[in-house]
2 protein chains.
Amino acid sequence: MIKTDKHTHRSELSRGALLILDAAESLFAAKDFDAVSINEIASHAQTSKANIFHHFKSKEALYISVLKNACERSVSALNEVNSQLSDDPLKQLNQFFAGHLQAILSSPLSTRLIQRELLENGEQKGKLLAEEVFSDTFANVVRLVKQAQDKGMIRQGIDPSLLAFLMFGANVVFFESRSVLKHLPDVNFTESPEEYSSAIFDLLTHGFK
Amino acid sequence: MIKTDKHTHRSELSRGALLILDAAESLFAAKDFDAVSINEIASHAQTSKANIFHHFKSKEALYISVLKNACERSVSALNEVNSQLSDDPLKQLNQFFAGHLQAILSSPLSTRLIQRELLENGEQKGKLLAEEVFSDTFANVVRLVKQAQDKGMIRQGIDPSLLAFLMFGANVVFFESRSVLKHLPDVNFTESPEEYSSAIFDLLTHGFK
DNA sequence: GTCTATAGGCCGATAGAC
DNA sequence: GTCTATCGGCCTATAGAC
């Protein structure tokens, strides 16, 4: 766990602090840590700079609160996806894959925050992110793959973690690349995540051969 | 083209300027634009702050020089990969895929720079990046897929650009995720890009079924 | 809890000597 | 081309009134 002496969960924060947290989230999601000033957050939250330092002991502490919140929201969104699955392991996999992409796209702020954290601080905080954010969901998908494998619906030669990784990866890359994808000729799937999901899943299922 | 009144190609730069450029590249690759100060670049290049402003008209101009250089190096590395291919379209695809991952991993500085540029400025500069960096290489791979499709080696239902995208994406995500991947249990492919390449290509070829 | 005012530091960029 | 010295500005963070 990250250690912070102040409250970090939304439920423990006062109303004023929540406004600050939300303003900070949208700004930290849009721009790098250093590119966001406390003044800017203050004016977005319609309060004063000093008041931010009253609620959060430093700029970094505020950032960490924002990040933890985003991680929690992200994890719980994925748990929700995980809880609404059918019985057929293959269908489960398909549903999870589509749901994951939807979750990513419907909370672009959290996604961007985590993505940047991975890019800038991955080498230091990779372990933390692995354990607190990705581990459970990833393990669940790996388990799904293994179940399907046991029932003969996925061939034995497949490495479950590799398939799981590629499924997550396909979604993440879609999110990351949209801004450039839409300017490439002959790319038709940018505007339709559902089509993308089902086309990728079909490709992974049957291969291109 | 980005317009810059100063020289931006390495060959046009003096020795002093090159030292600055290299120092700047390693720092800009490691940290965000705002997190790198001219003072820091100066001390890494063993020169003075003022001298940097003598060679580059602003911090941003220096950053753009660094970025353009990285893009050019990245493009030419991929062209090299593209030029060493066999006749069989499918083998070509496989070779390109493996070569692309190798190229990414062997120039992590350029890769990180471009990745960050996409993350931070993708919405504005997505078109520029698409046209100047990704377009040609992407088109080449799409063409490879179509050739293989014409020869019946890839089934007709496959969208060539989708397959090409997933191949690039699989490599990019591998690069991005290594710092967290290596902390996930049951993931064995992190340390071996070659294994990863061939396993993914096999998965894409035959599917998991 | 919220404010104004300000401390103290580092920033990008410039002037001008050599 | 390279340097030292310096400017004006914005930054995080704090002091202290209300």
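First the proteins, then the strands, lettered A, B, ... as listed; each starts at 1. Bear in mind that the values here come from a model prediction, so they are computed numbers and not experimental data. Hydrogens, waters and symmetry mates play no part in the numbers below; they use all other heavy atoms, side chains included.
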>> Could you walk me through whether B:S161 and B:D159 satisfy the side-chain hydrogen bond (donor to acceptor under 3.5 Å, both in side chains) test, starting with their C-alpha distance in whole Å, then the side-chain angles of each, then the deciding distance to 0.1 Å, before giving a yes or no?
In response: CA-CA 6 Å; B:S161 68; B:D159 174 354; 3.0 Å; yes

> Picking from C:dA13, D:dT4, D:dG1, which would you name as closest to the side chain of B:N51?
Replying inline: D:dG1

>> Tell me whether A:Q149 contacts the main-chain N or O of A:I158 through its side chain, where contact means a donor paired with an acceptor under 3.5 Å.
In response: yes

> Backbone N or O of B:N171 within a donor-acceptor pair of the B:Y196 side chain at under 3.5 Å?
Replying inline: no

> Could you give the CG-to-P distance, from B:L62 to C:dA13, as a whole number of Å?
Replying inline: 10 Å

> Between atom NZ in B:K57 and atom C1' in C:dT14, what is the gap in whole Å?
Replying inline: 16 Å

>> Tell me the interatomic distance from B:F56, atom CZ, to D:dT2, atom C1', rounded to whole angstroms.
In response: 15 Å

>> Please list, in numerical order, the residues of residues 23-40 of chain B that have a heavy atom closer than 4.0 Å to any atom of DNA chain D.
In response: none

> Can a side chain N or O of B:S14 be found less than 4.0 Å away from OP1 or OP2 on D:dG1?
Replying inline: yes

> Roughly, in whole Å, what's the span from CD1 in B:I52 to C1' in C:dC11?
Replying inline: 13 Å

> Centres of the A:F165 and B:F189 rings: under 6.0 Å?
Replying inline: yes

>> Counting only side-chain nitrogens and oxygens, does B:T47 get under 4.0 Å of the OP1 or OP2 atom of D:dC3?
In response: yes

> Relative to the 5' end of DNA chain D, which residue comes earlier, A:K49 or B:I20, by the nucleotide with the nearest heavy atom?
Replying inline: B:I20

>> Before you tell me yes or no, could you show the steps for A:F96 and A:F168 under ring-ring contact (aromatic ring centres under 6.0 Å, His included), namely the whole-Å CA-CA distance, both residues' side-chain angles and the distance that decides it to 0.1 Å?
In response: CA-CA 10 Å; A:F96 178 83; A:F168 280 110; 5.7 Å; yes

> Hey, is the main chain of A:D87 close enough, under 3.5 Å, to the side chain of A:Q92 for a donor-acceptor pair?
Replying inline: yes

>> Rounded to whole Å, how long is the line connecting atom CD of A:Q46 with atom C1' of C:dC3?
In response: 15 Å

> Should A:H54 be listed as having a side-chain N or O under 4.0 Å from OP1 or OP2 of C:dC3?
Replying inline: no

>> Rounded to whole Å, how long is the line connecting atom NE2 of A:H55 with atom P of D:dA13?
In response: 16 Å

>> Looking at B:S76 and B:R73, would you say the former's side chain and the latter's main chain have a donor-acceptor pair under 3.5 Å?
In response: yes

> Which whole-number value in Å describes the distance from B:L19 CG to D:dT2 C1'?
Replying inline: 13 Å

> Whole Å only: how far is the CZ atom of B:F53 from the C1' atom of D:dC7?
Replying inline: 13 Å

